[in-house]
Amino acid sequence: MSRDTIADIITSIRNIDMDRKGTVRIRSTNITENIIKILLREGFIENVKKRREGNSNFLVLTLQRRRNREGPYRTSLNLKRTSRLGLRIYSNYQQIPKILGGMGIVILSTSRGIMTGREARLERVGGEILCSIW
């Protein structure tokens, strides 16, 4: 694991999505819990369970499955880390990007907490663009 916990979350979810297993275990921190709550609320994640192993807490995620025309159930998530440790990207509420014309979501870290781009526009608050999901 690296120091960038958000990149670790995105990489774990992307790898499990490609492997088609459907469940992933992620170390629990305040930032990861807030991002997972947003993904759960937006429908990208089906279920979240909190587990304790030794001295550390983990979140066990079950990814949302979508029906594919050709074969069995499979997921199809696209996740991209926008702001990173070497290059922080900030935006005011007027310039928050819309992903696929509003079909995807942007997750921001604002002064009022971690929220989606839609919520930040409604509250008229900007912040650091963490990642985008579609």
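Side chains included, hydrogens not; waters and symmetry mates left out as well; all remaining heavy atoms used.
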CD (E53) and CZ (R25) are apart, to the nearest 0.5 Å, by 4.5 Å
Option passing side chain to side chain contact (heavy atoms under 4.5 Å, CB included) with L59 (candidates I9, V24, V48, T29):
V48
Should we say atom CZ of R124 is surrounded by more than 12 heavy atoms from elsewhere, each under 6.0 Å from it?
no
Just verifying a value: how many Å separate I45 CD1 and L40 CG, rounded to the nearest 0.5 Å?
6.5 Å
Taking all non-hydrogen atoms of both residues into account, name the closest pair between I96 and A120 and its distance.
CD1-CB, 3.7 Å
Please identify each residue that fulfils salt bridge (Lys or Arg N to Asp or Glu O under 4.0 Å) with R84, with sequence neighbours left out.
none
Run the side chain to side chain contact (heavy atoms under 4.5 Å, CB included) test on L39 and I13 for me, step by step, so that the C-alpha distance in whole Å, both residues' side-chain angles and the decisive distance to 0.1 Å come before the verdict.
CA-CA 11 Å; L39 294 177; I13 292 174; 4.0 Å; yes
Below 4.0 angstrom, N of the basic side chain to O of the carboxylate: do D4 and R81 qualify?
yes
What distance separates I10 CD1 from T5 OG1, expressed to the nearest 0.5 Å?
9.5 Å
Tell me whether Y90 is reachable from L85 by hopping between hydrophobic residues (I, L, V, M, F, W, Y) whose side-chain heavy atoms are closer than 4.5 Å.
no
Working for side chain to side chain contact (heavy atoms under 4.5 Å, CB included), residues E123 and Y93:
CA-CA 8 Å; E123 292 189 21; Y93 76 94; over 6 Å; no
Apply the side-chain hydrogen bond (donor to acceptor under 3.5 Å, both in side chains) test between E42 and each candidate in R118, K37, Q64; give the one that qualifies.
R118
Shortest non-hydrogen contact from S83 to I89?
OG-N, 3.1 Å
Smallest separation among heavy atoms of L108 and G117, with atom names
CD1-CA, 3.4 Å
To the nearest 0.5 Å, how far apart are CD in E119 and CD1 in I105?
9.0 Å
Sequence-distant partners of R14, salt bridge (Lys or Arg N to Asp or Glu O under 4.0 Å), two or more places apart
none
Honestly curious: do I38 and I31 fall in one hydrophobic cluster under the side-chain, below-4.5 Å linking rule?
yes
dist S109:OG -> N34:CG (nearest 0.5 Å) comes out at 9.0 Å
Contact summary for E46 and L63, nearest pair of heavy atoms
OE1-O, 3.9 Å
T32 side chain vs S28 backbone, donor-acceptor pair below 3.5 Å:
no
Rounded distance (nearest 0.5 Å) linking atom CG of L130 with atom OG1 of T116
12.0 Å
For I114 and I107, the nearest pair of non-hydrogen atoms, with its separation, is CG2-CG2, 3.6 Å
If you look at every heavy atom in R27 and S56, which pair is closest and at what distance?
NH1-CB, 3.3 Å
